Asker: 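Below you'll find the structure I mean.
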Amino acid sequence: MTDKTDYRATLNLPDTPFPMRGDLPKREPGWVKEWEDQGLYKRLRVARQGRQKFVLHDGPPYANGQIHMGHAVNKILKDMIVKSRQLKGLDAAYIPGWDCHGLPIENAIEKKHGRNLPRDEMQAKSRAFATEQIGIQMADFKRLGVLGDWDHPYRTMDPGNEADEIRAFKRVIERGFVYRGLKPVYWCFDCGSSLAEFEIEYADKKSQTIDVGFEADDAAKVLAAFGAAGSGKPVLAVIWTTTAWTIPANQALNLNPELDYALVDTERGQLILAASLVEKCMTRYGLNGTVLATVKGEKLGGLNFRHPLYEVDAGYRRLSPVYLADYATADDGTGIVHSSPAYGLDDFNSCIAHGVQYDDILNPVQANGSYAADFPLFGGQNIWKAVPVITDALKAAGRVFATENIVHSYPHCWRHKSPVIYRAAAQWFIRMDAGEGVFTKDKATETLRQTALKAIEETSFFPENGQARLRDMIAGRPDWCISRQRSWGVPLPFFLHKDTHDLHPKTMEILDVAAAMVEAGGIEAWSKASPEEILAKVGAAADAPSYNKSTDILEVWFDSGTTHTTVLRHSHAGAAHENGPEADLYLEGHDQHRGWFHSSLLTAAAMYGRAPYRGLLTHGFTVDAQGRKMSKSLGNGIEPQEVNAKLGAEIVRLWVAASDYSGDIAGDKKILDRVVDAYRRIRNTLRFLLANVSDFDPAKDAVPLAEMLEIDRYALTRAAEFQAEVLAHFEVYEFHPVVAKLQVYCSEDLGAFYLDILKDRLYTTAPKSLARRSAQTALWNITHAMLRWMAPFLSFTAEEAWKLFGNSDSIFLEEYAEIGAPDSALLARWKRLGEIRAIANKEIEALREKGQVGSSLQANLVVTAGPDDHALLASLEDDLKFVFIASAVRLEQGDGLAVQAVPSADVKCERCWHWRADVGSDPKYATICGRCVSNLFGAGEARVHA
């Protein structure tokens, strides 16, 4: 060699085909196709056959429209959890599913083809539409890198699922929980059907309040109850309501037996009001009032008052008796509640308890939201539009005392966002509390509410506050209305007697027949079959003229709520535990406490006496940076399809993993840009690791642990410590701490410390020297471990890097790397060395800022240390300078720790860039130092610690 030798060519510079730029949008579809072509999911199942199972049951998204970012968050979370369990060595199956029946699909068909389609046509078009939507959504889920049994998903509209739902319903009947009753249920005019509690959300609504007087039918009796004398003025009980549309159907007044009621003399008559509300009411009415007498509500029970339109139309010439009920309070209004039993649950219960017969309950509001055509005064009018008309009629009758507009929280349809009402209808219910069901043969020993509450206590919740939320909902919920008046859904396969409305005595046999028919031909087979044809199968064809075949369907929450008994029991082999609860985990958005979690719990508790899950995990909604829920109307959403095309699905996955899903998940362009930066940092670290083991063959080149340099052993034990942290987070379904720690691990543990120190040894020592092979052994093991940590969330990147190790199989067939247990003493030793190194770096940086040195290698250090630190530093011997990345370090004894940095007076080696006195000591190599000469031409320098 001469002085003109290019010493850079003699360095072991890193090299890898792993590109700095991921080019994710273009390359990810290739990996998705490769996984499909190689049948990766099937191979995962074979690889884990016989292992302990982990079962995550997929809550089915609705088969309607392209997926949005909320779908992406949900599916990616599930995928990360399943993959993390798979890498743990468990048999973690994932069966994706779809919810296919119900109103949204019917609405889509009606918008396209018109209303009032024949039942057969609605079912055929709905099935075709749902199939098309599933195909669109499935492609998007695959594109996100989600691994699952896409060839065999479950769909609630598959005939086998539909049949199993009927069998599940039969089991709930056998356990004594099903009954038919007339009861007010939530009713949506847009749906034209009843709604379950799960399908209700609350939103602000503008309403007109009204205070209305009901005149006493026998004023003398009322005055006698108060012990007051007559004055010739009318005596009126005044009610306050926000639902003026219910007043035409009024049938009673409710007073609280324990509440004090006052008889108040005013210019407009003697008014009955809750005593504590008199002053407020007088102010609201603009009247002067004198309290004549006060009595407890119980003294007024049984008195009769006239309907406020009594004198206006003969159709209202009826009385409203006073019933005593605890739900009448003095919190607001007047303390008197007017009762229209068809339109309020408390009103209904009170009237029934006081002897009102079902047939006598007035129910003029039709399914479409209008009064019946023959209803007096307001026939054919929409109830919301009729409110001012009703108010005017009451004013004309002299019965209105006050009216104003307010904005209040009101129940709305979850789907249509339109206000709903309570409306009495004959429906089928699942009973929450004690009572008799139909065709009971294996009656449960506890009520459904008791069983469900007990099951909640035995369930793990992530986050924990979900337990109280679900418990409160179950504790206070009414009976579950499970019948719907629609076409596209699993039938309630009942025959009802035309006169008595009783079920056919062979109902349980009919249910078996229905399940068999549906399994063979779908719900369409049942719909098309005549009553004679069906009843003939149970030997009762002669009964057909006396019975009506029910056209009701089971509500869609019963569909998805019973998938545990289909998917996790027999439709998908290997997808469930042999004993105990079928699923380890259900995972959905936190709104599913009142949805799928709720309906699944009630059906499983009714059928089996327990929950269908061991754990429940909830995530928040996707919101923008201002915390507003993403929506198309606001234009503040980010669509997964757009992000996939521009940045790559890997960025969506990393965004989900990096977010604390226990709350709402914020995303916008700026947030995604930060995720891109984080991805680049992780990718660049990975690229460095791969580049420096490109010539390393572990079978030939690996160095035994005992022979490795100390800092390499430290790097491995730090990786072992970090892996323990990662796996502990994965165990409780936490990913955002892993992403945060991985970034710190890459930038600080590796980049700013270990790899920074390692570069000199990797680049300058002989290619096959113990010093370099020791470093490569550590890097190879760290890289293998790191790829497995990343794989659940950075699935595409981990797979890409994994293949560079010469692997043809997927990384998901692997398990977490075996890298030993952390060595606490070694960790503590190098932690202190790192702290001292940080002090030295500050001193070197101060020199750099003054322009006295360029790189840290241009500095020499003088380190003064107390006994413990001195012993620690001295133990590294001559390798201490490599830890500090300085050209020379002089160690001195002292009372405390101090570091002094000074510029080196020596010459810079052209090859290793150290400033050393022995540069040119060999005249044949005038520009390099003695250690480089030894590494190139001699035995090589001896490294022990670093």
Side-chain angles (χ1 to χ4, degrees), residues 60-68 97-137 154-159 161-162 165-166 169 185-201 366-370 412-421 423 425 427-428 481-494 514 518 521-529 549-563 595-596 599:
Y62 199 72
N64 185 20
Q66 275 199 317
I67 70 166
H68 51 67
W98 273 273
D99 207 355
C100 309
H101 296 128
L103 188 65
I105 288 177
E106 284 199 39
N107 284 342
I109 300 303
E110 287 179 350
K111 285 179 183 178
K112 189 173 182 180
H113 301 284
R115 299 178 73 93
N116 302 315
L117 289 174
R119 196 178 190 90
D120 292 350
E121 190 174 347
M122 174 59 80
Q123 290 176 344
K125 291 184 182 303
S126 294
R127 189 175 290 278
F129 178 82
T131 301
E132 176 188 355
Q133 298 300 303
I134 288 170
I136 293 169
Q137 293 185 0
Y154 78 87
R155 310 182 307 170
T156 58
M157 69 178 181
D158 288 335
N161 284 67
E162 293 173 334
E165 188 175 336
I166 294 173
F169 182 54
V185 294
Y186 285 120
W187 191 276
C188 173
F189 301 135
D190 290 318
C191 295
S193 179
S194 59
L195 300 182
E197 192 83 12
F198 321 130
E199 299 169 298
I200 297 301
E201 63 184 14
Q366 305 301 290
N368 64 358
S370 296
H412 286 66
C413 173
W414 195 357
R415 297 182 182 90
H416 292 102
K417 312 303 179 187
S418 54
V420 300
I421 68 166
R423 178 174 179 267
Q427 301 285 353
W428 290 96
C481 177
I482 56 170
S483 50
R484 293 292 181 273
Q485 293 68 52
R486 306 297 301 183
S487 299
W488 176 232
V490 174
L492 270 158
F494 288 155
V518 168
I523 61 171
E524 296 87 340
W526 170 266
S527 295
K528 293 174 182 177
K549 178 187 173 188
S550 172
T551 57
D552 285 357
I553 64 170
L554 283 160
E555 72 130 336
V556 73
W557 287 111
F558 197 88
D559 285 23
S560 58
T562 52
T563 55
W596 189 56
S599 62

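Computed from a predicted structure; not experimentally measured.
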Asker: Nearest 0.5 Å, what's the CG-CG distance between Leu492 and Leu554?
Answerer: 4.0 Å
Asker: Are any non-hydrogen side-chain atoms of Ile523 and Arg127 less than 4.5 angstrom apart?
Answerer: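 The answer is yes; the side chains approach within 4.5 Å.
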Asker: Holding to salt bridge (Lys or Arg N to Asp or Glu O under 4.0 Å), I want the full list of residues that pass it with Glu106, two or more places apart in sequence or in another chain.
Answerer: Arg486
Asker: Using side chain to side chain contact (heavy atoms under 4.5 Å, CB included) as the criterion, list what pairs up with Pro60, not counting sequence neighbours.
Answerer: Asp99, Tyr154, Ser560, Trp596
Asker: What is the minimum heavy-atom distance between Met122 and Ser487, and which atoms define it?
Answerer: CG-CB, 4.0 Å
Asker: Excluding sequence neighbours, so at least two apart, what forms ring-ring contact (aromatic ring centres under 6.0 Å, His included) with Phe494?
Answerer: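 Phe494: ring-ring contact (aromatic ring centres under 6.0 Å, His included) contacts with Phe169, Trp428.
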Asker: So which heavy atom on Phe129 is nearest to which on Ala63, and how close?
Answerer: CE2-O, 4.1 Å
Asker: Would you name the heavy atoms of Pro419 and His412 that are closest together and state the gap between them?
Answerer: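 Shortest heavy-atom contact: N-CD2, 3.5 Å.
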Asker: Please enumerate all residues that pass side-chain hydrogen bond (donor to acceptor under 3.5 Å, both in side chains) together with Thr563, with sequence neighbours excluded.
Answerer: His57
Asker: Got a sec, which residues hit salt bridge (Lys or Arg N to Asp or Glu O under 4.0 Å) with Arg115, two or more places apart in sequence or on another chain?
Answerer: Glu110
Asker: Is the shortest heavy-atom distance from the side chain of Glu165 to the side chain of Val518 under 4.5 Å?
Answerer: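 They are not in contact (no side-chain heavy atoms under 4.5 Å apart), so the answer is no.
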Asker: Tell me, do Gln133 and Ile105 make a side-chain contact under 4.5 Å, heavy atoms counted?
Answerer: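 Gln133 vs Ile105: side chains apart.
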Asker: So, for Glu162 and Gly522, which heavy atoms are closest and what is the spacing to 0.1 Å?
Answerer: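 Minimum heavy-atom separation between Glu162 and Gly522: OE1-CA, 3.4 Å.
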Asker: Looking only at heavy atoms, what is the nearest atom pair of Cys191 and Cys413, with distance?
Answerer: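 So the two residues come closest at SG-SG, 3.9 Å.
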Asker: Name all residues meeting the side chain to side chain contact (heavy atoms under 4.5 Å, CB included) criterion together with His113; count only those two or more places apart in sequence or in a different chain, and write none if there are none.
Answerer: Ile109, Leu117, Lys125
Asker: I'd like to check Ile200 versus Leu195 (side-chain heavy atoms, cut-off strictly below 4.5 Å). Are they in contact?
Answerer: yes
Asker: Looking at Arg484 and Leu103, would you say the former's side chain and the latter's main chain have a donor-acceptor pair under 3.5 Å?
Answerer: no
Asker: Report the residues that fulfil side chain to side chain contact (heavy atoms under 4.5 Å, CB included) with Gln485, sequence neighbours left out, ordered by chain and then residue number.
Answerer: Trp187, Ser193, Ser194, Gln427, Ser483, Asp552
Asker: What's the separation between atom CG in Asn116 and atom CD in Glu121, rounded to the nearest 0.5 Å?
Answerer: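 Rounded to the nearest 0.5 Å, the CG-CD separation comes out at 11.5 Å.
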Asker: Just wondering, are more than 12 heavy atoms of other shown residues or ligands nearer than 6.0 Å to NZ in Lys417?
Answerer: yes
Asker: Might you point out which heavy atoms bring Glu555 and Cys481 nearest each other, and give the distance in Å?
Answerer: OE2-O, 4.0 Å
Asker: Just jot down the side-chain hydrogen bond (donor to acceptor under 3.5 Å, both in side chains) partners of Ser418, sequence neighbours excluded, or say none.
Answerer: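 For Ser418, the residues satisfying side-chain hydrogen bond (donor to acceptor under 3.5 Å, both in side chains) (neighbours in sequence not counted) are Asp190.
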Asker: Glu199 versus Tyr186: any side-chain heavy-atom pair under 4.5 Å?
Answerer: no
Asker: Would you please name every residue forming a salt bridge (Lys or Arg N to Asp or Glu O under 4.0 Å) with Lys112, sequence neighbours left out?
Answerer: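 Partners of Lys112 by the salt bridge (Lys or Arg N to Asp or Glu O under 4.0 Å) criterion come out as none, since no residue qualifies.
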Asker: To the nearest 0.5 Å, what is the distance between CD1 on Ile136 and OG1 on Thr131?
Answerer: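 Answer for the CD1-OG1 pair, Ile136 versus Thr131, is 11.0 Å.
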Asker: Just how far is it from atom CH2 of Trp557 to atom OG1 of Thr562, taken to the nearest 0.5 Å?
Answerer: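 Here the rounded value is 12.5 Å.
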Asker: Could you list the residues that satisfy ring-ring contact (aromatic ring centres under 6.0 Å, His included) with Trp488, not counting sequence neighbours?
Answerer: His101
Asker: State, with a plain yes or no, whether a side-chain heavy atom of Pro493 is found less than 4.5 Å away from one of Ile166.
Answerer: yes
Asker: My understanding is that only residues two or more places apart in sequence, or in another chain, count here; which of them pass side-chain hydrogen bond (donor to acceptor under 3.5 Å, both in side chains) with Asp158?
Answerer: Arg155
Asker: How many angstroms lie between atom SG of Cys100 and atom CG of Asp559, to the nearest 0.5 angstrom?
Answerer: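 Answer rounded to 0.5 Å: 8.5 Å.
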Asker: Applying side chain to side chain contact (heavy atoms under 4.5 Å, CB included), name anything that partners Asn368, two or more places apart in sequence or on another chain.
Answerer: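 Per chain and number, Asn368 pairs via side chain to side chain contact (heavy atoms under 4.5 Å, CB included) with Gln366, Ser370.
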Asker: Would you call Glu524 and Asp120 a side-chain contact if the rule is heavy atoms closer than 4.5 Å?
Answerer: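 No, every pair of side-chain atoms sits at 4.5 Å or beyond.
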